[in-house]
Q: 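Once you've had a glance at the structure underneath, I'll fire off some questions.
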Protein chains: 2
Amino acid sequence: METSERLIESARELLWERGYVGTSPKAIQERAGAGQGSMYHHFRGKPDLAVAAMRRSAEQLRAQAEAQLAGGRTAQEKAAAYLLRERDALRGCRVGRMAMDPDVIASEQLREPVQETFDWLTGRLAGIVADGVASGELRPGLDPDDTAAAIVAVVQGGYVLARAAGSQEPFDRAVRGAVALLAAQAAPDA
Amino acid sequence: METSERLIESARELLWERGYVGTSPKAIQERAGAGQGSMYHHFRGKPDLAVAAMRRSAEQLRAQAEAQLAGGRTAQEKAAAYLLRERDALRGCRVGRMAMDPDVIASEQLREPVQETFDWLTGRLAGIVADGVASGELRPGLDPDDTAAAIVAVVQGGYVLARAAGSQEPFDRAVRGAVALLAAQAAPDA
DNA sequence: GTCTATATCGAGATAGAC
DNA sequence: GTCTATCTCGATATAGAC
């Protein structure tokens, strides 16, 4: 693997584990097995490298989510597939984690991949819910945008609960709870 | 206000804004208008002061939540009151924020107030849901623990979505979505 | 492209005077 | 109790040799 590639992968891991503020250029270089000069040759600095790393993680998340969402037949199956995907809750979300970082939120450049990811994800889910309502699978009053936001929030919040507890369990409970709440939104038999 | 008190309040604000890793003793001292020696006289160091600050924020969150939860008459009213409480979503949760911090999660001392807060909150909500099921307000199959975890997760995840978007809106959508999902869990008329 | 040298600054803390 | 002095280390680069 080339040096530039190793730097991006190292940054991805460290941003995941320690966030933007908690990740130093030196730590990235050490993990990548690259020197100072090497990093500053390939990237302008820490923010530039971080953006490259975050874009890649965002692309990965999107591909994984799309795989779940495209799989099921009904809206409920798709949403459940997304919610119940295997996740290591204690590690958290590579993308969502960045939203809690003050330096990321303060910078247009750094926030952009995060914003784009969640815009896409909630929009994709809202479309699925809207289809479910239109097809008569889900009850007519169900708001697609609000429901989509709640689904994505349960996953992101589940990470918080798991890390607070030091255990996977609260995450699993939260997503199971969300699936059960959604199951009760089926349209009444005509 | 005494110096010790000002240090705790300054730490509370900075931990909220910047997290544990992103908060320096120097920044705390400057905001408190206290010198180096003064801080190290009252507290053993950064972790010690942070624990004091986090305990206070945990106590505050608990009191606020209890106020919402004790207010409503039915389980749905109580849960909705908790979910719909006015919050500045862009600032995030003083307590939940700490769960994303690697140094907090790595330390038994620092994690304890966070864990305790969410244990209490999910337990309190689970009791409310269980009461609602027992009284016939909510459908019999509804799992109290899973539902409680989902409710708390929606709020914590809502903060992530809001900060990612740079807007309050996704937070409001998520909690409204959760309230709507809960409304459909009413037990069918006997 | 990668290396080493150098620079500035802040983090996090200790020591001891007042 | 609070202050200033001092210490060590890492963060975040820039400069210039190889």
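Chain naming here is simple, since letters A, B, ... match the order of the sequence lines and numbering starts at 1 in each. Hydrogens, waters and symmetry mates are skipped; everything else that's a heavy atom, side chains included, is used.
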Q: Atom CG of Leu14(B) and atom P of dG10(C): how far apart are they, to the nearest Å?
A: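 It is 16 Å, rounded to the nearest whole Å.
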Q: What's the CD-P distance between Glu30(A) and dT12(D), to the nearest Å?
A: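 Answer to the nearest Å: 13 Å.
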Q: From C-beta outward on Pro25(B), which listed nucleotide comes closest to its side chain: dA13(D), dT2(D), dA11(C)?
A: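 Side chain of Pro25(B) sits closest to dA11(C).
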Q: By nearest atom, which of the nucleotides dA13(C), dA11(D), dT14(D) is closest to the Tyr40(B) side chain?
A: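 For Tyr40(B), the side-chain atoms sit closest to dA13(C).
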Q: Phosphate oxygens OP1/OP2 of dT2(D): is one of them under 4.0 Å from a side-chain N or O of Thr3(B)?
A: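 It does, given that an N or O in the side chain of Thr3(B) lies less than 4.0 Å from OP1 or OP2 of dT2(D).
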Q: With the side chain of Gln36(B) defined as its heavy atoms from C-beta on, choose the nearest nucleotide among dA11(C), dT2(D), dA5(D).
A: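 For Gln36(B), the side-chain atoms sit closest to dA5(D).
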Q: From CG of Leu49(A) over to P of dT12(D), roughly how many Å is that when rounded to an integer?
A: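 After rounding, the gap between these two atoms is 12 Å.
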Q: Using whole Å, what does the distance between atom P of nucleotide dT2(D) and atom CD of Glu5(B) come to?
A: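 Interatomic distance, CD of Glu5(B) to P of dT2(D): 13 Å.
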Q: Would you kindly say whether Arg12(A) and Ser57(A) are connected by a side-chain donor-acceptor distance under 3.5 Å?
A: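 Result is yes, a qualifying pair exists.
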Q: With heavy atoms under 4.0 Å as the rule, sort Thr23(B) into base, sugar-phosphate or nothing.
A: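 Sugar-phosphate contact only.
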Q: Minimum heavy-atom separation for Ala58(A) to Pro113(A), with atom names?
A: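 Minimum heavy-atom contact is CB-O, 4.1 Å.
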Q: Would you please confirm or rule out a distance under 4.0 Å between OP1 or OP2 of dC3(D) and any side-chain N or O of His41(B)?
A: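 Looking at the OP1 and OP2 atoms of dC3(D), neither is under 4.0 Å from any side-chain N or O of His41(B).
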Q: Between Lys46(A) and dT12(D), is there a contact of a side-chain N or O with OP1 or OP2 at under 4.0 Å?
A: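 The answer is yes; a side-chain N or O of Lys46(A) sits under 4.0 Å from OP1 or OP2.
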Q: Using distance alone, with no hydrogens and no angle criterion, decide if Gln36(B) and Gln29(B) have a side-chain donor and acceptor under 3.5 Å apart.
A: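 Yes, side-chain donor-acceptor contact under 3.5 Å.
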Q: For Lys26(B) and dC9(D), what is the distance between atoms NZ and P respectively, to the nearest whole Å?
A: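 Roughly 19 Å, once rounded to whole Å.
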Q: Closest approach of Ala178(B) and Leu83(B), non-hydrogen atoms and distance?
A: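 Of all heavy-atom pairs spanning Ala178(B) and Leu83(B), the closest is CB-CD1, 4.0 Å.
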Q: Where is the tightest heavy-atom contact between Val114(B) and Ala99(B), given as atom of each residue plus distance?
A: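 That would be CG1-CB, 4.3 Å.
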Q: Without decimals, in angstroms, what is the distance between Arg18(A) CZ and dG10(D) P?
A: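 After rounding, the gap between these two atoms is 13 Å.
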Q: For the pair made of CZ in Phe43(A) and P in dT2(C), what is the distance, rounded to whole Å?
A: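 After rounding, the gap between these two atoms is 11 Å.
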Q: With sugar-phosphate meaning primed atoms plus P, OP1 and OP2, does Gly37(B) contact a base, only sugar-phosphate, or nothing at under 4.0 Å between heavy atoms?
A: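 Contact class for Gly37(B): base.
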Q: Nearest whole Å is fine: how far is dA11(C) P from Met39(B) CE?
A: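 That distance rounds to 11 Å.
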